[in-house]
Enquirer: 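There's a structure below that I have some questions on.
Each ligand, and each atom within it, is numbered from 1 in the order the structure gives. What's counted below: heavy atoms across the whole structure, side chains too, no hydrogens, waters or symmetry copies.
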Amino acid sequence: MRRLTLLLLAPLLLPACGPKGEGTFAPGEIWPDNNGVHINAHGGGILIADDTYYWFGEHKTEGTAGNSAQVGVHCYSSKDLYQWKDEGIALAVVTDDTTHSITKGCILERPKVIYNRKNNQYVMWFHLEPKGAGYSGAMSGIAVADRPAGPYVFLKAIRPNAGAWPLNVQDIHRTTTPVDGSQTFSGGNLPTHPDSLNLLGRDMPGGQMARDMNLFVDDDGTAYHIYASEENSTLHISQLDEDYTGCSGRYARFFVNRFMEAPVMFKHEGNYYLIMSGCTGWAPNAGRSAVASSIWGPWEELENPFRGEEAELSFRSQSTYVLPLPGAPGRFMYMGDRWTPNDAIDGRYIWLPLRMEGKQPVIEWNNRTNG
Ligand code: GAL
């Protein structure tokens with residue numbers, strides 16, 4: 001791990017360089033892989049395995065059709081976070097069965113991979129919307145592999161925590177009438193839901209809605225699924241089972257009616273942190289952050305972690321991952337997406353150092369091009 005650590009420090013000392021030079025990266029520019037092709041791994045995350053970084057993300061295609069999954073989850077590997085080797089498609093959409101959960105044309109977003117040391121398995125979770133139903137499915141897909149880069153085998157699609165009340169359930173959820181099925185929600189920028197709209201109770205039997213999501217593995221090996229639920233209005237933090245392939249039924253709801261999206265969790269000096277966005281679809285908005293000394297809360301909302309010009313737009317990005325740099329405590333890489341929904345494949349990556357100012361995560365722009 002030491003060799004990796006030394007290599008790692010370079011990107012943070014020289015956070016942004018010319019897009020064409022070797023060992024360089026400029027946030028928001030084309031980022032060529034080892035074949036000279038713009039990296040295609042949107043809404044991504046990082047797995048560290050065998051002294052190598054693996055970057056998994058949504059493979060997008062041209063035009064607006066590229067916003068749904070035409071190919072699958074793309075994987076790249078790197079030793080230094082600058083230069084990325086194309087490892088191919090880690091999880092492919094299914095092309096010969098239109099009824100399959102991950103049939104071509106479904107929506108497959110924000111894939112994340114974690115390693116389960118108990119059974120030596122790599123586990124991928126992603127936000128899944130069955131083909132042809134817009135964003136109404138709000139499901140989670142799960143796939144596994146015995147090698148970091150895959151290929152991953154699709155296991156199942158679920159709505160999390162069916163039949164389980166959250167740890168912090170309120171009486172109102174058990175007693176009020178669930179909203180009726182004809183009630184519709186746009187999912188974004190809504191006026192807050194009155195408590196009488198019992199979305200949690202409505203979804204108890206079949207499982208909770210899960211859209212934007214992330215995974216987090218704690219130091220003790222316990223893994224968590226963090227997802228935007230209840231029509232995006234409320235964030236759920238949910239403990240996974242021992243295999244990491246299902247829910248333990250232990251979960252809690254936070255930031256009620258704050259419409260948090262794009263959640264990212266990391267840990268620093270014993271505290272848990274969340275970076276999140278507001279809920280405005282592909283359009284950027286101001287970032288959000290929060291801290292808790294226990295993963296089960298209470299969570300204290302902090303400030304917008306972005307500082308400077310365009311901070312109110314998160315530098316035109318939306319969070320997707322925060323990478324704690326191995327061997328460099330307190331140093332993190334913020335990873336965000338600059339979406340281009342009219343030509344999905346052209347989406348750009350905004351990776352910037354994230355530092356702590358006391359308990360406040362801070363991300364500042366850096367566009368040096370000749371470092
Ligand atoms: C964003 C979300 C993306 C995608 C998009 C669709 O808010 O973070 O992952 O779902 O909405 O409009």
Enquirer: By number and element, which atoms of ligand 1 are closer than 4.0 Å to a non-hydrogen atom of Gln318?
Expert: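 Those qualifying, in numeric order: 1 (C), 2 (C), 7 (O), 8 (O).
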
Enquirer: Can you tell me which residue and heavy atom of the protein come closest to atom 9 (O) of ligand 1, and the distance to 0.1 Å?
Expert: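 I find the closest protein heavy atom is Arg110 NE, 3.0 Å.
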
Enquirer: Can you tell which part of His127 has a heavy atom less than 4.0 Å from ligand 1: side chain, backbone, both or neither?
Expert: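 It is neither part, as no heavy atom is under 4.0 Å.
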
Enquirer: Quick one: list whatever passes ring pair (Phe, Tyr, Trp, His ring centres under 6.0 Å) with Trp125, sequence neighbours left out.
Expert: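 Ring pair (Phe, Tyr, Trp, His ring centres under 6.0 Å) list for Trp125, sorted by chain: His225.
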
Enquirer: Where do Ser101 and Phe154 land on the side chain to side chain contact (heavy atoms under 4.5 Å, CB included) test, with the steps shown first?
Expert: CA-CA 9 Å; Ser101 294; Phe154 177 77; 3.7 Å; yes

Enquirer: Under 3.5 Å, is there a donor on one side chain and an acceptor on the other for Asp146 and Tyr152?
Expert: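 Distance-only check fails for Asp146 and Tyr152.
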
Enquirer: Are Phe332 and His268 close enough that their ring centres sit under 6.0 Å apart?
Expert: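 Yes, ring centres under 6.0 Å apart.
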
Enquirer: Taking CG in Asp171 as the centre, count heavy atoms belonging to other residues, nucleotides or ligands within less than 6.0 Å. Is the count above 12?
Expert: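 Not more than 12 within 6.0 Å, no.
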
Enquirer: Side chain or backbone of Arg211 under 4.0 Å from ligand 1, or both, or neither, by non-hydrogen atoms?
Expert: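 The answer is neither; Arg211 stays 4.0 Å or more away.
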
Enquirer: Taking atom 3 (C) of ligand 1 as the point of reference, which of Asn285, Asp212, Asn67, Asn232 owns the nearest heavy atom?
Expert: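 Residue with the shortest heavy-atom distance to the ligand atom: Asp212.
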
Enquirer: Check ligand 1 against Glu109 and write out every atom of the ligand that is under 4.0 Å from a heavy-atom position of the residue.
Expert: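 Every atom of ligand 1 under 4.0 Å from some heavy atom of Glu109: 3 (C), 4 (C), 9 (O), 10 (O).
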
Enquirer: How close does the nearest protein non-hydrogen atom get to atom 7 (O) of ligand 1, and which residue and atom is it?
Expert: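 I find the closest protein heavy atom is Glu261 OE1, 2.4 Å.
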
Enquirer: Check each atom of ligand 1 against the heavy atoms of Trp282 and keep those under 4.0 Å away; list them by number with element.
Expert: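 Per the distance check, 3 (C), 4 (C), 5 (C), 6 (C), 12 (O).
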
Enquirer: Are Trp365 and Trp351 an aromatic pair by the rule of ring centers under 6.0 Å?
Expert: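 No, they do not, as the ring centres are separated by 6.0 Å or more.
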
Enquirer: Would you mind listing which atoms of ligand 1 come within a distance below 4.0 Å of any non-hydrogen atom of Tyr135?
Expert: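 Those atoms are 4 (C), 6 (C), 10 (O).
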
Enquirer: Are Tyr115 and Tyr122 close enough that their ring centres sit under 6.0 Å apart?
Expert: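 Ring-ring flag for Tyr115/Tyr122: true, centres closer than 6.0 Å.
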
Enquirer: Looking only at distances, please establish whether an N/O atom of ligand 1 is found under 3.5 Å from an N/O atom of Thr280.
Expert: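 Such a contact does not occur with ligand 1.
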
Enquirer: Under 3.5 Å, N or O to N or O, is Gly281 touching ligand 1 that way?
Expert: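 Gly281 vs ligand 1: N/O contact under 3.5 Å present.
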
Enquirer: Take a 6.0 Å sphere around CD of Glu310 and say whether it holds more than 12 heavy atoms from other residues, nucleotides or ligands.
Expert: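 More than 12 heavy atoms, drawn from other residues, nucleotides or ligands, come within 6.0 Å of this atom.
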
